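What follows is a structure written as C-alpha coordinates; I'll ask about it next.
All figures in this text were calculated on a predicted structure; none of them were measured in a lab.
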Amino acid sequence: MSKYAVAAMARTGGGSITNIASIAGIRAHGAIAYGPSKAAMAALAREIAVAHGRDGIRANTVAPGHILTPHASHVLPPDARTSRRKVGPLGIEGRCLDVALAVLYSRERRRAVHYRVLLPVDGGVTEIGPLAAHALLSEGEPN
(Lines give C-alpha, C1' and ligand atoms only; values in the text may rest on other atoms or scores of the structure.)
Protein backbone atom coordinates (compact mmCIF):
# COMPACT_ATOMS: atom_id res chain seq x y z
CA MET A 1 0.00 0.00 0.00
CA SER A 2 2.84 2.38 0.85
CA LYS A 3 4.28 1.91 -2.65
CA TYR A 4 1.20 3.49 -4.20
CA ALA A 5 0.75 6.09 -1.45
CA VAL A 6 4.36 7.27 -1.83
CA ALA A 7 3.95 7.73 -5.59
CA ALA A 8 0.75 9.75 -5.12
CA MET A 9 2.23 11.84 -2.30
CA ALA A 10 5.38 12.60 -4.30
CA ARG A 11 3.22 13.91 -7.18
CA THR A 12 1.21 16.17 -4.85
CA GLY A 13 4.01 17.62 -2.73
CA GLY A 14 4.38 15.15 0.12
CA GLY A 15 2.48 13.75 3.03
CA SER A 16 2.70 11.52 6.05
CA ILE A 17 2.54 7.76 6.45
CA THR A 18 1.97 6.23 9.88
CA ASN A 19 2.44 2.49 10.22
CA ILE A 20 0.86 0.64 13.13
CA ALA A 21 3.19 -2.01 14.50
CA SER A 22 3.45 -3.44 18.02
CA ILE A 23 5.91 -3.57 20.87
CA ALA A 24 6.32 -7.20 19.77
CA GLY A 25 8.44 -5.73 16.97
CA ILE A 26 10.74 -4.12 19.55
CA ARG A 27 11.01 -6.89 22.17
CA ALA A 28 10.52 -10.63 21.69
CA HIS A 29 7.16 -11.94 22.87
CA GLY A 30 7.40 -15.55 21.74
CA ALA A 31 5.36 -15.07 18.59
CA ILE A 32 7.71 -16.18 15.83
CA ALA A 33 5.85 -14.66 12.87
CA TYR A 34 4.04 -11.77 14.57
CA GLY A 35 7.07 -10.00 16.11
CA PRO A 36 9.23 -9.96 12.97
CA SER A 37 6.30 -8.75 10.86
CA LYS A 38 5.81 -5.81 13.24
CA ALA A 39 9.54 -5.05 13.23
CA ALA A 40 9.31 -4.96 9.44
CA MET A 41 6.69 -2.19 9.68
CA ALA A 42 9.19 0.01 11.51
CA ALA A 43 11.93 -0.90 9.02
CA LEU A 44 9.61 -0.01 6.13
CA ALA A 45 8.96 3.42 7.67
CA ARG A 46 12.72 4.01 8.03
CA GLU A 47 13.34 3.13 4.39
CA ILE A 48 10.47 5.30 3.14
CA ALA A 49 11.66 8.22 5.28
CA VAL A 50 15.21 7.99 3.92
CA ALA A 51 14.24 7.38 0.31
CA HIS A 52 11.45 9.95 0.10
CA GLY A 53 12.16 12.60 2.73
CA ARG A 54 13.17 15.09 0.04
CA ASP A 55 9.83 14.46 -1.65
CA GLY A 56 8.17 15.89 1.46
CA ILE A 57 7.10 12.46 2.71
CA ARG A 58 7.41 11.61 6.38
CA ALA A 59 7.00 8.05 7.64
CA ASN A 60 6.55 7.09 11.28
CA THR A 61 5.55 4.01 13.25
CA VAL A 62 3.30 3.74 16.28
CA ALA A 63 3.90 0.60 18.36
CA PRO A 64 1.03 -0.17 20.76
CA GLY A 65 1.69 -2.37 23.76
CA HIS A 66 -0.72 -3.48 26.45
CA ILE A 67 -3.82 -1.74 25.13
CA LEU A 68 -7.25 -2.55 26.52
CA THR A 69 -9.17 -3.12 23.31
CA PRO A 70 -12.71 -4.53 23.19
CA HIS A 71 -11.18 -7.81 21.97
CA ALA A 72 -8.63 -7.95 24.81
CA SER A 73 -11.30 -7.23 27.41
CA HIS A 74 -13.24 -10.30 26.21
CA VAL A 75 -10.44 -12.81 25.61
CA LEU A 76 -7.96 -12.09 28.41
CA PRO A 77 -8.68 -13.70 31.76
CA PRO A 78 -8.66 -11.31 34.74
CA ASP A 79 -5.27 -12.61 36.00
CA ALA A 80 -3.67 -11.85 32.60
CA ARG A 81 -5.02 -8.30 32.71
CA THR A 82 -3.68 -7.92 36.25
CA SER A 83 -0.25 -9.10 35.07
CA ARG A 84 -0.33 -6.65 32.16
CA ARG A 85 -0.95 -3.78 34.56
CA LYS A 86 1.63 -4.94 37.10
CA VAL A 87 4.50 -5.46 34.65
CA GLY A 88 4.43 -1.92 33.24
CA PRO A 89 6.20 0.90 35.07
CA LEU A 90 3.02 3.03 34.95
CA GLY A 91 0.85 0.18 36.25
CA ILE A 92 -1.84 0.65 33.61
CA GLU A 93 -3.17 -0.76 30.39
CA GLY A 94 -3.36 1.75 27.58
CA ARG A 95 -6.56 2.81 25.86
CA CYS A 96 -7.42 2.84 22.18
CA LEU A 97 -7.53 6.63 22.51
CA ASP A 98 -3.84 6.63 23.48
CA VAL A 99 -2.96 4.94 20.18
CA ALA A 100 -5.18 7.31 18.21
CA LEU A 101 -3.54 10.35 19.82
CA ALA A 102 -0.07 8.99 19.01
CA VAL A 103 -1.09 8.60 15.36
CA LEU A 104 -2.46 12.16 15.26
CA TYR A 105 0.74 13.44 16.86
CA SER A 106 2.89 11.70 14.25
CA ARG A 107 0.86 13.20 11.41
CA GLU A 108 0.79 16.86 12.46
CA ARG A 109 2.56 19.14 10.00
CA ARG A 110 3.89 21.22 12.89
CA ARG A 111 5.78 18.09 13.93
CA ALA A 112 7.44 17.78 10.51
CA VAL A 113 10.83 17.71 12.20
CA HIS A 114 9.76 14.45 13.86
CA TYR A 115 11.06 12.30 11.13
CA ARG A 116 11.05 8.50 11.21
CA VAL A 117 9.82 8.18 14.76
CA LEU A 118 9.12 4.80 16.35
CA LEU A 119 6.69 5.68 19.11
CA PRO A 120 5.86 2.96 21.63
CA VAL A 121 2.46 3.43 23.27
CA ASP A 122 3.03 0.93 26.04
CA GLY A 123 3.19 2.52 29.48
CA GLY A 124 6.93 1.84 29.56
CA VAL A 125 6.71 -1.93 29.07
CA THR A 126 9.49 -2.03 26.46
CA GLU A 127 11.90 -0.32 28.86
CA ILE A 128 11.58 -2.85 31.66
CA GLY A 129 14.13 -5.63 32.00
CA PRO A 130 13.28 -9.20 33.01
CA LEU A 131 14.40 -8.85 36.64
CA ALA A 132 12.53 -5.59 37.11
CA ALA A 133 9.42 -7.12 35.51
CA HIS A 134 9.67 -10.09 37.85
CA ALA A 135 9.93 -7.76 40.83
CA LEU A 136 6.87 -5.80 39.70
CA LEU A 137 4.88 -8.99 39.15
CA SER A 138 5.90 -10.22 42.62
CA GLU A 139 4.89 -7.01 44.43
CA GLY A 140 2.58 -7.73 47.31
CA GLU A 141 3.53 -11.38 47.42
CA PRO A 142 5.60 -12.82 50.28
CA ASN A 143 9.31 -13.19 49.49
Side-chain angles (χ1 to χ4, degrees), residues 1-10 14-143:
M1 192 165 73
S2 292
K3 174 181 175 179
Y4 298 104
V6 164
M9 288 178 182
S16 177
I17 295 172
T18 302
N19 291 332
I20 305 296
S22 167
I23 62 170
I26 300 170
R27 298 282 186 265
H29 282 69
I32 290 175
Y34 184 76
S37 71
K38 296 305 179 175
M41 295 300 294
L44 177 62
R46 285 192 302 271
E47 295 297 337
I48 290 170
V50 168
H52 298 285
R54 294 194 185 245
D55 296 325
I57 298 171
R58 293 177 297 117
N60 297 291
T61 306
V62 172
H66 296 163
I67 304 297
L68 182 58
T69 64
H71 177 71
S73 67
H74 291 298
V75 300
L76 290 175
D79 59 331
R81 294 211 35 231
T82 298
S83 294
R84 282 167 44 129
R85 287 188 298 272
K86 286 178 86 174
V87 76
L90 295 181
I92 61 170
E93 292 176 289
R95 304 164 299 161
C96 296
L97 177 62
D98 298 319
V99 177
L101 290 172
V103 170
L104 288 174
Y105 175 82
S106 74
R107 297 184 53 76
E108 280 190 34
R109 288 216 178 266
R110 292 178 303 198
R111 310 267 188 256
V113 73
H114 294 165
Y115 166 85
R116 210 285 313 143
V117 169
L118 171 59
L119 179 59
V121 181
D122 67 351
V125 170
T126 55
E127 295 305 315
I128 199 106
L131 293 177
H134 177 71
L136 287 172
L137 286 170
S138 300
E139 273 183 4
E141 297 176 8
N143 291 334

Fill in the blank from the handout: Smallest heavy-atom separation, Leu68 atom then Arg84 atom, equals N-NH2, 3.8 Å
Exercise for the section: For side-chain contact (heavy atoms from CB on, under 4.5 Å), just list the numbers for Ile48 and Val6, CA-CA rounded to whole Å, side-chain angles, deciding distance to a tenth of an Å, and then say yes or no. Expected result: CA-CA 8 Å; Ile48 290 170; Val6 164; 4.0 Å; yes
Exercise for the section: With side-chain contact (heavy atoms from CB on, under 4.5 Å) as the test, would you mind laying out the steps for Val99 and Val62 before giving the verdict? Expected result: CA-CA 7 Å; Val99 177; Val62 172; 4.2 Å; yes
Problem - All side chain to side chain contact (heavy atoms under 4.5 Å, CB included) counterparts of Leu97, not counting sequence neighbours - result: Arg95, Leu101
Problem - Arg58 side-chain N/O to Gly15 backbone N/O, donor-acceptor pair under 3.5 Å - result: no
Practice task
Return yes if some donor-acceptor pair links the side-chain N/O of Lys38 with the main-chain N/O of Ala24 below 3.5 Å, else return no.
Solution key: no
Practice task
Look only at the side chain of Ser22 and the backbone of Gly25, and say whether a donor-acceptor pair between them is shorter than 3.5 Å.
Solution key: no
Handout entry: Those residues that, when tested against Thr18, pass side-chain hydrogen bond (donor to acceptor under 3.5 Å, both in side chains) (two or more places apart)
Key =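 In terms of side-chain hydrogen bond (donor to acceptor under 3.5 Å, both in side chains), with neighbours along the sequence ignored, Thr18 is linked to Ser106.
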Exercise for the section: Report the distance from atom CZ of Arg85 to atom CD1 of Ile92, rounding to the nearest 0.5 Å. Expected result: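 Interatomic distance, Arg85 CZ to Ile92 CD1, rounded to 0.5 Å: 10.5 Å.
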Exercise for the section: Decide yes or no on side-chain contact (heavy atoms from CB on, under 4.5 Å) for Leu44 and Ser2, but give the supporting numbers first. Expected result: CA-CA 9 Å; Leu44 177 62; Ser2 292; 4.0 Å; yes
Handout entry: Close side-chain approach of Leu119 and Asn60, heavy atoms under 4.5 Å
Key =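 Not touching, per the 4.5 Å side-chain cut-off.
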Problem - Considering all heavy atoms, the nearest Pro120-Ile23 contact - result: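 Shortest heavy-atom separation between Pro120 and Ile23 comes out as CB-CG2, 4.5 Å.
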Practice task
Nearest 0.5 Å please: distance from the NE2 atom of His66 over to the CZ atom of Arg81.
Solution key: 12.0 Å
Problem - Contact summary for Ala21 and Pro64, nearest pair of heavy atoms - result: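 Nearest heavy atoms, Ala21 then Pro64: O-CD, 3.4 Å.
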Handout entry: Where Ala42 and Leu118 come nearest, the two heavy atoms and their spacing
Key = CB-CD1, 4.2 Å
Practice task
With sequence neighbours excluded, give me every side-chain hydrogen bond (donor to acceptor under 3.5 Å, both in side chains) pair touching residues 118-133.
Solution key: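 Residue pairs passing side-chain hydrogen bond (donor to acceptor under 3.5 Å, both in side chains), neighbours aside: Asp122-Thr126.
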Problem - For Ser83 against Leu137, the heavy-atom pair lying closest together - result: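 Taking every non-hydrogen atom into account, O-CD2, 3.7 Å.
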Exercise for the section: Ignoring hydrogens and angles, tell me if any N or O in the side chain of His29 forms a donor-acceptor pair with the backbone of Arg27 under 3.5 Å. Expected result: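 Between the backbone of Arg27 and the side chain of His29 there is a qualifying donor-acceptor contact (under 3.5 Å).
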Exercise for the section: Ignoring hydrogens and angles, tell me if any N or O in the side chain of Asn19 forms a donor-acceptor pair with the backbone of Met41 under 3.5 Å. Expected result: yes
Completion exercise
Note: Ile26 and Ala63 closest approach over all heavy atoms is CD1-CB, 4.0 Å
Problem - Any side-chain heavy-atom pair of Arg107 and Ile17 under 4.5 Å - result: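 Not in contact.
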